[in-house]
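Keep in mind it's a predicted model, so treat the numbers as computed, not measured. Residues: numbered from 1 along the sequence shown.
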Amino acid sequence: MSMPEIKFLPVSWTRLKEICFNLAKKILEKDLQFDRIICVSRGGLVIARIFSDYLKLPISTFTIVSYSKLGESGEPKIVEPLKVDIKNEKVLLIDEIVDKGTTLSRAISYLQDFSPKIITTLVPFVKSWSQPLPDFWHVKTDKWVIFPYETRETIEELIPVLGKNHLSLKEIKSRLIKLGFGDNEVNYFLKN
């Protein structure tokens, strides 16, 4: 018996930048002012850097861990604290995706303890069942989003998933390449 097929949404660097630019324009056109970006690390790091450029804002981070492996999440835990004072600041909280919403909820709750003036949330990708939704988002999907900066991580996670569907190594390679990974990346990370 094979596993149900997981649907994927590969996102290229070009598409990611376009999505971020569209969100940044919304913020700029509404003339929203922020003191800083607060980024949920690791996933939000690349996204926050893009917005730091578009909005001319500094970035501060804290780390929440909730995913254990592909498609499985646990209770979000703060594993690295925020190291700046944001009291009375207007902050833009950024992450890369809202799945169930538990990480976003935990991040908001955590930041509220620092007494910022305003917390505005921005996440480019949300799932259709996400609760809460961020203040700003661009893509709603039911698919597993593959970000262009998670090559090794995603390939290593997908190998056992695809293997459970009784695919040969050649078929696994073919699927990974169809998802947008380069031939050299697939060959290298399948060996290591």
Minimum heavy-atom separation for [X] and [Y], please, with both atom names.
| X | Y | result |
| --- | --- | --- |
| Leu133 | Leu104 | C-CD2, 4.3 Å |
| Ser52 | Ile37 | N-CD1, 3.5 Å |
| Ile94 | Ala48 | CG2-N, 4.0 Å |
| Asp95 | Gly43 | OD1-C, 3.9 Å |
| Lys127 | Ile97 | CE-CD1, 3.8 Å |
| Ser12 | Pro148 | C-CG, 4.0 Å |

Indicate yes or no for a side-chain donor-acceptor contact from [X] to the backbone of [Y] under 3.5 Å, with no hydrogens or angles considered.
| X | Y | answer |
| --- | --- | --- |
| Ser109 | Ser105 | no |
| Ser130 | Asp99 | yes |
| Thr121 | Asp135 | yes |
| Asp35 | Lys90 | yes |

Common cluster, Val91/Leu57, ILVMFWY with side-chain heavy-atom separation under 4.5 Å: no
Single-linkage hydrophobic cluster Val40~Val84, side-chain heavy atoms < 4.5 angstrom: yes
Parallel, tilted or perpendicular: ring planes of Tyr54 versus Phe51, cut at 30 and 60 degrees: perpendicular
Ring geometry between Trp13 and Tyr149 (parallel below 30°, tilted from 30 to 60°, perpendicular above 60°): tilted
Residue among Val98, Leu93, Leu23, Leu122 satisfying side-chain contact (heavy atoms from CB on, under 4.5 Å) with Pro134: Val98
With a cut-off of 3.5 Å and sequence neighbours excluded, list every side-chain donor-acceptor pair involving residues 171-183.
unit_1: Glu171; atom_1: OE1; unit_2: Ser168; atom_2: N; d: 2.7
unit_1: Glu171; atom_1: OE1; unit_2: Ser168; atom_2: OG; d: 3.3
unit_1: Lys173; atom_1: NZ; unit_2: Asn187; atom_2: OD1; d: 2.8
unit_1: Arg175; atom_1: NH1; unit_2: Glu5; atom_2: OE2; d: 3.4

From CA spacing to verdict: side chain to side chain contact (heavy atoms under 4.5 Å, CB included), Asp142, Lys7: CA-CA 8 Å; Asp142 293 343; Lys7 304 266 190 238; over 6 Å; no
Residue pairs involving residues 102-121 (criterion ring-ring contact (aromatic ring centres under 6.0 Å, His included); sequence neighbours excluded): Phe62-Tyr110, Tyr110-Phe114
From CA spacing to verdict: side chain to side chain contact (heavy atoms under 4.5 Å, CB included), Phe125, Val11: CA-CA 11 Å; Phe125 296 87; Val11 179; 3.7 Å; yes
Spacing of SG belonging to Cys39 relative to CD belonging to Glu96, to within rounding of 0.5 Å: 9.0 Å
